[in-house]
Student: 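Below is one structure. I have some questions about it.
The basis for the numbers below is simple: all heavy atoms, side chains too, and nothing from hydrogens, waters or symmetry mates. Atoms within each ligand, like the ligands themselves, are counted from 1 in listed order.
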Amino acid sequence: MTQSQTFPLCNKFPKVSIIGAGNVGKTLAQKIIESNLADACLLDIVEGLPQGIALDLTQATGLEFHHRSIVGTNDYKDTVNSDVVVITAGIARKPGMTRDDLLKINAKIVTEAAQKCLIYSPNALYLVITNPLDVMTYLVWKTTNLPSYKVVGMAGVLDSTRLQAFIAMELGVSFNDVQSMVLGGHGDLMLPLPRYCTISGIPITELMDTETIERLVQRTRDGGAEIVKLLKTGSAYYAPASSAFHMIESVLLNQSRLLPAAVYLQGEYGLKDIYLGVPCRLGCGGVEQIVEINLTDEERKILHNSARSVRDNIDLALEQLGMKH
Ligand code: TXD
């Protein structure tokens, strides 16, 4: 070729910035680029870490045969014009540590990260992953002043996929035929809803006795801790990254999927001014609808208990951050 012409490049592909290049962040970044969903920007406070991961993933591009790019950085400027900002920065749960122990350290990390991202991506959807999840999501919303439909937390999809897995493993059916639903805070007080779990439309209550269901429900509640105990260092990240991916896909592809997620409640389920896991529809505008389903008195009691614990931690975190409630 002796002569060639160049024309303006199109730079309109969706971009996802991930704050925190730890286990969840890097696994999610890999899924996002290798599925061609979006370009990725991976940011961490540790110098060299996100750059190294990005270079490693870039070198696999030809083998994975995808067309997306990834940038690793310590500079928030590189997150500019993101469509989705994912916040996974923080410290992970160690054995014996509860999610709420993480409150103090992670509140500061998460709110600072969100405020810095906001400067460069004011129109993005903010997806929070850092624990304690419901509290961190509330703090991101509160400190960014974003509309509540632009800030959402990931936990319900993970808790539901764990219950789905345990049901499929117990009955020996295809995972794909099991639908499951877990609401409430991401913690020991979550609310798995066996009444709303089905196998190809058949309620599990027709296929399993109460004791078996209770055992699977309890294993779901302990799902995170079981993995922490096995791994010994760090917590689960493959299923969490898949769960976040699922939500981001619904947003970027405007799928309007009905998924359980931590969203801001303003009277739904009798709860106000709180982020808690309930079913919602996620599309390109963010949270499109919060869906209120019927709960029994007992289920409602568990949900409100869970909300109380989240509320106490929100108050504590706001106090720690010196913010009036
Ligand atoms: O369902 C859910 N929401 C969860 C939540 C499922 C799994 C993990 N969950 C929580 O996500 C977990 O309890 C942690 O709070 C976060 C991230 O979990 P991960 O397993 O990825 O933790 P890592 O591997 O420790 O990674 C955290 C990274 C690490 O690289 C730090 O250097 C970085 O966060 N970090 C920061 N990045 C940017 N800025 C600041 N200030 C910062 N501080 C730490």
Student: If you measure from each non-hydrogen atom of Ile91 to ligand 1, which part falls under 4.0 Å: side chain, backbone, both or neither?
Tutor: backbone

Student: Just going by heavy-atom distances, which of Gly20, Gly90, Ala21, Ala236 is nearest to atom 27 (C) of ligand 1?
Tutor: Gly90

Student: Could you tell me, atom by atom, which parts of ligand 1 come under 4.0 Å of a heavy atom of His186?
Tutor: 1 (O), 2 (C)

Student: N/O to N/O below 3.5 Å, does that happen between Asn131 and ligand 1?
Tutor: yes

Student: Give the numbers and elements of all ligand 1 atoms closer than 4.0 Å to a heavy atom of Leu158.
Tutor: 1 (O), 6 (C)

Student: Quick one: which ligand 1 atoms are inside 4.0 Å of a heavy atom on Val24?
Tutor: 8 (C), 18 (O), 19 (P), 20 (O), 21 (O)

Student: Would you check the N or O atoms of Tyr76, main chain and side chain alike, for any that come under 3.5 Å of an N or O of ligand 1?
Tutor: no

Student: What atoms of ligand 1 come within less than 4.0 Å of a heavy atom belonging to Ile129?
Tutor: 2 (C), 3 (N), 4 (C), 5 (C), 9 (N), 10 (C), 11 (O)

Student: With the threshold set at under 4.0 angstrom, would you say Gly234 reaches ligand 1 through any of its heavy atoms?
Tutor: no

Student: Under 4.0 Å from a heavy atom of Leu133: give me the atoms of ligand 1 that qualify, with their elements.
Tutor: 3 (N)

Student: Can you tell whether the side chains of Lys108 and Glu112 come within less than 4.0 Å, N to carboxylate O?
Tutor: yes

Student: I'd like to know if Arg68 and Glu34 make a salt bridge, using a cut-off of under 4.0 Å between side-chain N and carboxylate O.
Tutor: no

Student: Going by the atom numbers of ligand 1, which of them fall below 4.0 Å from some non-hydrogen atom of Val46?
Tutor: 32 (O)

Student: Assess the side chains of Gln51 and Thr73: does a donor N or O sit below 3.5 Å from an acceptor N or O?
Tutor: no

Student: Rounded to the nearest 0.5 Å, what separates atom CD in Gln59 from atom CG in Leu55?
Tutor: 4.0 Å

Student: Which ligand 1 atoms are under 4.0 Å away from a heavy-atom of Pro240?
Tutor: 6 (C), 7 (C)

Student: Please identify each residue that fulfils salt bridge (Lys or Arg N to Asp or Glu O under 4.0 Å) with Arg257, with sequence neighbours left out.
Tutor: none

Student: I need the atoms of ligand 1 closer than 4.0 Å to a non-hydrogen atom of Leu49, numbered in the order shown.
Tutor: 30 (O)

Student: Taking atom 41 (N) of ligand 1 as the point of reference, which of Ile109, Thr27, Leu28 owns the nearest heavy atom?
Tutor: Ile109

Student: With a 3.5 Å cut-off and no angle check, do the side chains of Gln115 and Thr143 form a donor-acceptor pair?
Tutor: no

Student: Closer than 4.0 angstrom, basic N to acidic O: yes or no for Asp312 and Arg308?
Tutor: no

Student: Checking the N or O distance criterion of under 3.5 Å, is ligand 1 in contact with Met154?
Tutor: yes

Student: Checking one residue: Ile227. Which other hydrophobic residues are in its cluster under the side-chain 4.5 Å linking rule?
Tutor: Leu231

Student: Within the 3.5 Å criterion, strictly below it, is a donor on Asp273 or Tyr264 matched to an acceptor on the partner's side chain?
Tutor: yes

Student: Does the side chain of His186 come under 3.5 Å of the side chain of Asp134 through a donor N or O and an acceptor N or O?
Tutor: no

